[in-house]
Protein chains: 2
Amino acid sequence: MNSEFTIAVHCLIILAGAPEQIWNSETLAGKVHTHPARVRKIMSLLRRNCLIRTKEGLGGGYRLACDPETCSLAEIYRMTSCSALKLNWCSDSDDKTGKAESSGIRLALERTFSGAEHVLEKYLSKQSIGSLLRELQGESGTEISAAKSLSEK
Amino acid sequence: MNSEFTIAVHCLIILAGAPEQIWNSETLAGKVHTHPARVRKIMSLLRRNCLIRTKEGLGGGYRLACDPETCSLAEIYRMTSCSALKLNWCSDSDDKTGKAESSGIRLALERTFSGAEHVLEKYLSKQSIGSLLRELQGESGTEISAAKSLSEK
DNA sequence: TAAACTGTATTCATTATAATTACATTAATC
DNA sequence: GATTAATGTAATTATAATGAATACAGTTTA
């Protein structure tokens with residue numbers, strides 16, 4: 001999984017924390033520690049998926065366009081990092097034995113990986129921009145981490 | 001997750017499929033489509049974790065040293081790819097606002113990632129070299145994929 | 001003692017990732 | 001309108017991660 005997911009979530013949380021405000025790429029880049037052009041690229045992806053609204057021109061920038069509570073991390077994961085757990089290894093065409101045993105192994109491992117992706121998405125679907133934001137806002141208190149309890153269900 | 005996990009599992013399945021046989025790095029490398037030196041490096045890791053036994057010298061190679069049924073993929077994952085889902089992004093020391101909001105976001109995301117790692121390991125702990133091997137051997141039949149059903153539990 | 005292995009470090013090549021630059025386009029404001 | 005400040009996007013460059021290849025010391029068998 002590359003860092004696009006992280007940056008996307010981070011920016012969305014910032015937007016959700018001040019829904020009326022318009023944030024530009026430079027400000028977001030400063031908070032997320034990356035380059036404005038990269039922020040724009042990722043935000044552009046989020047816009048095409050209708051999570052945010054963009055305003056071009058002077059005074060422009062980004063605003064949230066979705067309900068933080070229903071915007072799940074799984075959704076964002078799919079946009080940014082789909083199949084990050086994919087099996088990365090070449091085909092088995094040159095198996096000389098004819099028994100094609102290693103192809104069988106490959107299939108089995110592909111099922112394992114796709115199952116892994118499945119449980120990961122299921123876990124991420126239980127968290128949303130809203131839930132993370134609430135977790136943040138309650139941080140000064142003594143709450144138990146929501147992520148921890150979710151993963152131990 | 002890099003491909004060490006895949007190669008390790010693949011090699012272990014091969015060893016488990018012929019427990020009496022000694023496999024050398026060149027043969028394994030041919031089946032797994034990588035370089036013998038890389039196989040040796042990974043097998044060396046598995047040996048240090050007592051999953052296999054090594055025989056050096058002429059006629060040497062690798063043999064399984066564990067019960068395939070209790071050798072879970074989670075265990076192998078931990079050896080090869082631990083924290084593959086770790087948050088990869090720099091610290092927040094230069095936050096000028098003083099509110100340290102983005103540090104809070106960082107902590108929240110770290111919890112999310114560590115929870116993700118947790119569910120992934122939990123999923124992998126339900127599969128073993130033995131279960132994969134059995135899945136392979138029953139492949140000619142019409143069995144439902146074990147991985148699929150596990151991930152949908 | 002020679003041959004065939006593993007163990008391991010090092011170097012090189014490739015690929016993936018991210019930063020940077022550049023510039024067209026858009027919109028607000030003077 | 002002209003200027004300014006923003007996004008959208010492509011292209012280039014730099015850096016980091018990954019894997020392949022090489023080399024050679026150590027080990028065991030015959």
Side-chain angles (χ1 to χ4, degrees), chain A residues 1-8 10-11 14-15 21-65 79-90 94, chain B residues 1-8 10-11 15 21-65 79-91 94:
Chain A
M1 180 153 28
N2 67 18
S3 59
E4 283 196 12
F5 172 78
T6 304
I7 293 174
H10 196 161
C11 287
I14 293 172
L15 299 203
Q21 191 167 340
I22 291 193
W23 299 83
N24 68 31
S25 62
E26 198 178 337
T27 307
L28 290 173
K31 286 187 170 289
V32 179
H33 303 103
T34 186
H35 198 277
R38 190 163 187 226
V39 168
R40 292 201 291 273
K41 192 176 154 211
I42 295 172
M43 296 308 268
S44 171
L45 177 69
L46 299 183
R47 173 182 50 76
R48 286 194 295 274
N49 284 280
C50 304
L51 297 189
I52 62 170
R53 242 196 316 266
T54 266
K55 188 181 170 193
E56 296 190 4
L58 200 158
Y62 305 97
R63 252 194 315 210
L64 204 65
M79 291 172 199
T80 58
S81 318
C82 193
S83 295
L85 297 181
K86 193 164 40 191
L87 193 60
N88 51 341
W89 130 56
C90 69
D94 49 343
Chain B
M1 181 154 26
N2 66 18
S3 59
E4 284 196 13
F5 172 79
T6 304
I7 292 175
H10 197 161
C11 287
L15 299 203
Q21 191 167 338
I22 291 193
W23 299 83
N24 67 32
S25 61
E26 198 179 337
T27 308
L28 290 174
K31 287 189 170 288
V32 179
H33 304 101
T34 186
H35 198 277
R38 189 163 188 225
V39 168
R40 291 201 291 272
K41 191 177 156 212
I42 295 171
M43 296 309 268
S44 172
L45 178 69
L46 299 182
R47 173 183 50 77
R48 286 195 296 275
N49 284 279
C50 304
L51 296 189
I52 63 170
R53 244 195 316 266
T54 270
K55 188 180 170 194
E56 296 189 4
L58 199 159
Y62 306 98
R63 251 193 315 210
L64 205 65
M79 292 172 198
T80 57
S81 316
C82 194
S83 296
L85 297 182
K86 192 164 40 192
L87 193 58
N88 51 341
W89 132 57
C90 68
S91 83
D94 50 343

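We name chains A, B, ... by the order of the sequence lines, and we start the count at 1 in each one.
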Among Lys55(A), Arg40(A), Arg47(A), side chain to side chain contact (heavy atoms under 4.5 Å, CB included) partner for Tyr62(A):
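It is Arg40(A), the one option of Lys55(A), Arg40(A), Arg47(A) that forms the side chain to side chain contact (heavy atoms under 4.5 Å, CB included) with Tyr62(A).
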Kindly give the heavy-atom pair with the smallest separation between [X] and [Y], and that separation in Å.
X	Y	value
Leu15(B)	Arg63(B)	CD1-C, 3.7 Å
Pro36(A)	Ala29(A)	N-CB, 3.5 Å
Arg53(B)	Ala65(B)	N-CB, 3.7 Å
Ile22(B)	Gly59(B)	CG2-O, 4.0 Å

How many angstroms lie between SG in Cys11(A) and CG in Leu51(A), if you round to the nearest 0.5 Å?
12.0 Å
Give, for atom CD1 of Ile14(A) and atom NZ of Lys31(A), the distance between the pair rounded to the nearest 0.5 Å.
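Here the rounded value is 5.5 Å.
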What residues 47-54 of chain B contributes to the DNA chain C interface at heavy-atom separation below 4.0 Å is Arg47(B), Arg48(B), Thr54(B)
Side-chain N,O (Ser44(A)) to OP1/OP2 (dT9(D)) below 4.0 Å
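Yes, because at least one side-chain N or O of Ser44(A) sits under 4.0 Å from OP1 or OP2 of dT9(D).
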Does Ser3(A) put a side-chain nitrogen or oxygen below 4.0 Å from OP1 or OP2 of dT17(C)?
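Answer no for this pair, as no side-chain N or O of Ser3(A) is under 4.0 Å from OP1 or OP2.
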Any protein N or O atoms within reach of nucleotides 11-15 of chain C? Criterion: under 3.5 Å, listing atom names and distances.
none

Give the rounded distance in Å between these two atoms: [atom1] of [X] and [atom2] of [N].
X	N	atom1	atom2	value
Leu45(A)	dA10(D)	CG	P	13 Å
Leu46(B)	dT8(C)	CG	P	13 Å
Met43(B)	dT8(C)	CE	P	14 Å
Glu4(A)	dA16(C)	CD	P	14 Å
Leu15(A)	dT7(D)	CG	C1'	14 Å
Lys41(B)	dC24(D)	NZ	C1'	18 Å
Leu28(A)	dG8(D)	CG	C1'	16 Å
Trp23(A)	dA6(D)	CH2	C1'	16 Å

Derivation of the side-chain contact (heavy atoms from CB on, under 4.5 Å) call for Leu28(A) and Met43(A):
CA-CA 10 Å; Leu28(A) 290 173; Met43(A) 296 308 268; 3.9 Å; yes
Would you check, one step at a time, whether the test side-chain contact (heavy atoms from CB on, under 4.5 Å) holds for Met79(B) with Leu46(B)?
CA-CA 8 Å; Met79(B) 292 172 198; Leu46(B) 299 182; 4.0 Å; yes
Using the side-chain contact (heavy atoms from CB on, under 4.5 Å) rule, take Lys41(B) and Leu45(B) through it: C-alpha gap first, then chi angles, then the decisive distance, then the call.
CA-CA 7 Å; Lys41(B) 191 177 156 212; Leu45(B) 178 69; over 6 Å; no
Does Asn24(A) reach the main-chain N or O of Glu26(A) with its side chain, forming a donor-acceptor pair under 3.5 Å?
yes
Once each nucleotide of nucleotides 19-30 of chain C is scored for protein heavy atoms under 4.0 Å, what B/S/- sequence comes out, 5' to 3'?
SBBB---BBB--
